[in-house]
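I have placed the structure first, in the form of structure tokens, so that the comments after it can refer back to it.
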Amino acid sequence: MSSIILVDDQPIANFITRKLLEIEGYNEDVLDFTNPEEALVYLEDKQNALIFLDLNMPEMNGWEFLDYLKSKSQKHRIIILTSSTSAIDQNRAKEYDSVIKYVEKPLNKDKFKKLQPLLQQQ
């Protein structure tokens, strides 16, 4: 199984996602970052990670993060996990081949269960 990376500037959001992953048995190779630039440094020599990505972050937003990965031709699978309910954001996410799902916060057990098939494709 490849790494699962959580990228959200809110530590509580990463904590909730990590707990839901642990409850479902995904407790190895889960790393979380509150600074997206640190996550990019970690991902530099990695491929095929599953990334839970927030869009609204102060240092670097999720779109800039996605653009950076695209510019480096990195092949990761990305689940956008955001508080944005904007149809504009949802449509923009479809422009990225790496984005496999768009999920609105808060992540809960029901939403997480729907993501399980995506987690098992690793």
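Both backbone and side-chain heavy atoms feed into the values below; hydrogens, waters and symmetry mates do not.
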Asp97 CG: over 12 foreign heavy atoms closer than 6.0 Å: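 It does not: Asp97 CG has 12 such atoms or fewer within range.
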task = Give a yes or no on this: more than 12 heavy atoms of other residues, nucleotides or ligands lie within 6.0 Å of atom NZ of Lys105.
result =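 Above 12, so yes.
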Quick one: closest heavy-atom pair of Lys111 and Leu107, and the distance?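 Here Lys111 and Leu107 meet closest at CB-CD1, 3.9 Å.
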Item to complete: Heavy atoms only: give me the nearest Ala93-Tyr102 pair and the separation to one decimal.
Response: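 The pair with the smallest heavy-atom distance is CB-CD1, 3.8 Å.
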Side-chain ([X]) to main-chain ([Y]) donor-acceptor, under 3.5 angstrom:
X	Y	result
Asp32	Pro11	no
Ser3	Ile5	no
Arg18	Val30	yes
Asn14	Asp8	yes
Glu24	Gln116	no

### Interatomic distance, Tyr96 atom OH to Leu69 atom CG [nearest 0.5 angstrom]
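Rounded to the nearest 0.5 Å, the OH-CG separation comes out at 10.0 Å.
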**Qualifying residues under side-chain hydrogen bond (donor to acceptor under 3.5 Å, both in side chains), relative to Lys72, sequence neighbours excluded** =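 Applying side-chain hydrogen bond (donor to acceptor under 3.5 Å, both in side chains) to Lys72 gives none.
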Worksheet item: Which of these, Leu6, Thr34, Ile80, Asp9, sits in a side-chain contact (heavy atoms from CB on, under 4.5 Å) with Asp54?
Response: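 Between Asp54 and the candidates, side-chain contact (heavy atoms from CB on, under 4.5 Å) is satisfied uniquely by Asp9.
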Decide, yes or no, whether a salt bridge links Arg92 with Glu95 under the criterion of side-chain N to carboxylate O below 4.0 Å.
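No, Arg92 and Glu95 are not salt-bridged.
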Using a 3.5 Å cut-off and no angle test, enumerate the donor-acceptor pairs between side-chain atoms of residues 56-64 and protein atoms at least two apart in sequence or in another chain.
unit_1, atom_1, unit_2, atom_2, d
Asn61, OD1, Trp63, N, 2.9
Asn61, OD1, Glu64, N, 2.8
Glu64, OE1, Asn61, N, 2.8

